[in-house]
Amino acid sequence: MTLSRFKGSLVGAVVADCMGSLFEGISTVSLSSVLESAENLEKNRQIQREHGTRPADTYGLRFTDDTAMARSVAASLLEKKSFDAQDMAKRFADEYYKEPDRGYGFNVVTVFEGLKNPETKDVYEPARVQFGGSGSYGNGGAMRIAPASLFAFARNKSSELQDLVSGVTRLTHTNVLGVNGAILEAFAVDESLRLKSEAVFDAQTFLDSLIEKMKGVETEDDKKDTNPESSHSKKRKLDDHPTPYIAQLERIKHLMLEDSLDTKVVVEEIGHDVSAIGSVPTAILAFLRAAIKSIPGLEGRNKFEQTVLYAISLGGDTDTIATMAAAIAGALYGVEQIPEAWQYYCEGVADAETMAEGLYKLEAL
Ligand code: F2R
Ligand code: MG
Ligand code: MG
Ligand code: MG
């Protein structure tokens, strides 16, 4: 296991969040517009290198809530060298109050208010009472979870990853769909790290391993409450499905192999919204599709670049789907595949590298 793959995961997640944020909330996104935004960064970087100046029209891309929260997860795990719910909850809330304009989910801010309230004794309470007690099923747990996979991997504690992820996620998201989405994303990053090299990657095996692991997760808690009014999951008839994430992964098994795959089909069958069930599987599909096929229009781009650009082109919750896909892809391909221009113009890259280094250096227990 190389340091490059730890950096690939965290730096990858940051650049994908920054680049994806330009399209967040746009339902139909053309691949050419995504490509153009990447080419702009690359051209500007070229000019900047040649002339030693920053072109006037060049802006730096800001990271969003996805990265803000991932940084808190990493910082807390690094400082405490174990999971400390109080410390992590405090970091989430402090970070939000320091920079509330990072594009947070509309309801999760109520959790931060609860966490700031001195009357709150149990840090899990504010999240538990969200949405009339059913808890959030948003993708805010999954979008920030990659550092937990790296932490568990470095500590040689991957057997405890599920519990760690559940603890980190339930600080803001207690709905079973929110929690299990974060667990699936964390498993996917772990699975990537575990591969000896890109050369031995097999999409079918990767997916089968995730399905096997999710069987242990979803069959345990299939009777727990999910919100019956969820329009996101109703669309895909997943509300009464006993194992909704496994159902999504089974769909991906077929979709990833299609000769040509229409974005509309991906959106209808898998989703691209802010729910975890409608975005974590989408991120996994983007990673797998780019790994096994050359994405039309992206020929000549490496696998990491194809993953990110394709993920953004699926539209909807683009920053989050891209950041989750990139965390998985970067953990396999390494930081060398992330274009220098992307790293140069995206905020938070240097910190992501430092955090990846810190996690990598943690001693195995
Ligand atoms: N919020 C956004 N994007 C929109 C605004 C961004 C724009 N750039 C701006 O600055 O204004 N993006 C971020 O939010 C997503 C993660 O959200 P998270 O952390 O899961 O938040 P929340 O509020 O808990 O859930 C999101 C929404 O899902 C629906 N929902 C969740 N659980 C529900 C339940 N049990 N019943 C009914 N609805 C439920 C609600 O609509 C929530 O508001 C990421 O995309 C991140 O990038
Ligand atoms: Mg498209
Ligand atoms: Mg965001
Ligand atoms: Mg988002």
Side-chain angles (χ1 to χ4, degrees), residues 5-6 8-14 16-17 20 63-78 80 82-85 87-89 91-92 95 104-105 108 111 127 135-155 157-158 160-194 210 213-214 217 245 274-277 279-284 286-287 311 317 319-332 348 352 355-356 359:
R5 290 166 65 181
F6 268 53
S9 186
L10 296 196
V11 173
V14 173
D17 175 26
F63 63 73
T64 78
D65 59 327
D66 304 50
T67 299
M69 296 199 81
R71 286 157 61 104
S72 291
V73 172
S76 180
L77 292 173
L78 281 167
K80 297 291 172 183
S82 68
F83 174 52
D84 180 327
D87 180 75
M88 203 176 282
R91 286 174 194 267
F92 287 159
E95 188 58 41
Y104 283 87
V108 72
V111 176
S136 174
Y137 55 63
N139 54 19
M143 71 185 186
R144 66 179 187 237
I145 209 62
S149 299
L150 272 50
F151 176 82
F153 189 93
R155 291 302 234 183
K157 287 274 184 193
S158 290
E160 294 168 21
L161 180 58
Q162 183 179 333
D163 288 342
L164 171 63
V165 174
S166 171
V168 172
T169 305
R170 286 184 295 101
L171 289 169
T172 50
H173 293 65
T174 64
N175 188 286
V176 67
L177 289 174
V179 176
N180 288 354
I183 292 171
L184 174 57
E185 170 67 13
F187 280 168
V189 173
D190 177 69
E191 200 67 30
S192 264
L193 288 174
R194 229 152 260 294
L210 287 182
K213 287 180 180 163
M214 288 310 287
V217 176
Y245 281 100
V274 295
S275 69
I277 189 69
S279 59
V280 177
T282 319
I284 292 171
F287 162 68
D317 195 358
D319 62 333
T320 304
I321 293 170
T323 205
M324 294 190 294
I328 305 166
L332 177 59
M355 285 172 164
L359 289 166

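We're numbering straight along the sequence, starting at 1. Computed from heavy atoms alone, side chains included, the values below leave out hydrogens, waters and symmetry copies.
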Can you see which heavy atom on [X] is nearest to which on [Y], and at what distance?
{"X": "Leu150", "Y": "Leu359", "value": "CB-CD1, 4.0 Å"}
{"X": "Ser136", "Y": "His173", "value": "OG-CD2, 3.2 Å"}
{"X": "Gly348", "Y": "Arg71", "value": "CA-NH1, 3.9 Å"}
{"X": "Ala186", "Y": "Val165", "value": "CB-CG2, 3.5 Å"}

Who are the ring pair (Phe, Tyr, Trp, His ring centres under 6.0 Å) partners of Tyr104, not counting sequence neighbours? Tyr96, Phe112
Could you check if a side-chain atom of [X] sits within less than 4.5 angstrom of a side-chain atom of [Y], using non-hydrogen atoms only?
{"X": "Thr169", "Y": "Glu185", "answer": "no"}
{"X": "Val168", "Y": "Leu77", "answer": "no"}
{"X": "Phe92", "Y": "Val73", "answer": "yes"}

Would you please say whether a donor-acceptor pair under 3.5 Å links the side chains of Thr67 and Asp17?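 Yes, Asp17 and Thr67 have a side-chain donor paired with an acceptor closer than 3.5 Å.
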Audit row: Asp65, Arg144, side-chain contact (heavy atoms from CB on, under 4.5 Å) steps and yes/no: CA-CA 9 Å; Asp65 59 327; Arg144 66 179 187 237; over 6 Å; no
Contacts of type side-chain contact (heavy atoms from CB on, under 4.5 Å), residue [X], not counting sequence neighbours:
{"X": "Ala276", "answer": "Asn139, Tyr245, Val280"}
{"X": "Thr282", "answer": "Val266, Ile270, Leu314, Ile321"}
{"X": "Ser166", "answer": "Arg170, Val179"}

Starting at OG of Ser76, measure out to CZ of Phe83 and round the result to the nearest 0.5 Å. 7.5 Å
Can you tell me how far CG of Leu210 sits from CD1 of Ile183, rounded to the nearest 0.5 angstrom?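 Reported value, rounded in 0.5 Å steps: 12.5 Å.
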The test is side-chain contact (heavy atoms from CB on, under 4.5 Å); show your working for Phe151 and Leu78 and say whether it passes. CA-CA 8 Å; Phe151 176 82; Leu78 281 167; over 6 Å; no
Stepwise side-chain contact (heavy atoms from CB on, under 4.5 Å) check, Ser9 with Leu193: CA-CA 9 Å; Ser9 186; Leu193 288 174; 5.5 Å; no
Any sub-3.5 Å donor-acceptor pair from Thr323's side-chain atoms to Ala16's backbone N or O?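 It does not hold such a pair.
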Contacts of type salt bridge (charged side-chain N to carboxylate O under 4.0 Å, His left out), residue Asp190, not counting sequence neighbours: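 Asp190 satisfies salt bridge (charged side-chain N to carboxylate O under 4.0 Å, His left out) with Arg194, Lys213 only.
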Residues in salt bridge (charged side-chain N to carboxylate O under 4.0 Å, His left out) with Arg91, at least two apart?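 In terms of salt bridge (charged side-chain N to carboxylate O under 4.0 Å, His left out), with neighbours along the sequence ignored, Arg91 is linked to Asp87.
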Candidate pair Met324 and Asp66, rule side-chain contact (heavy atoms from CB on, under 4.5 Å), full reasoning: CA-CA 9 Å; Met324 294 190 294; Asp66 304 50; over 6 Å; no
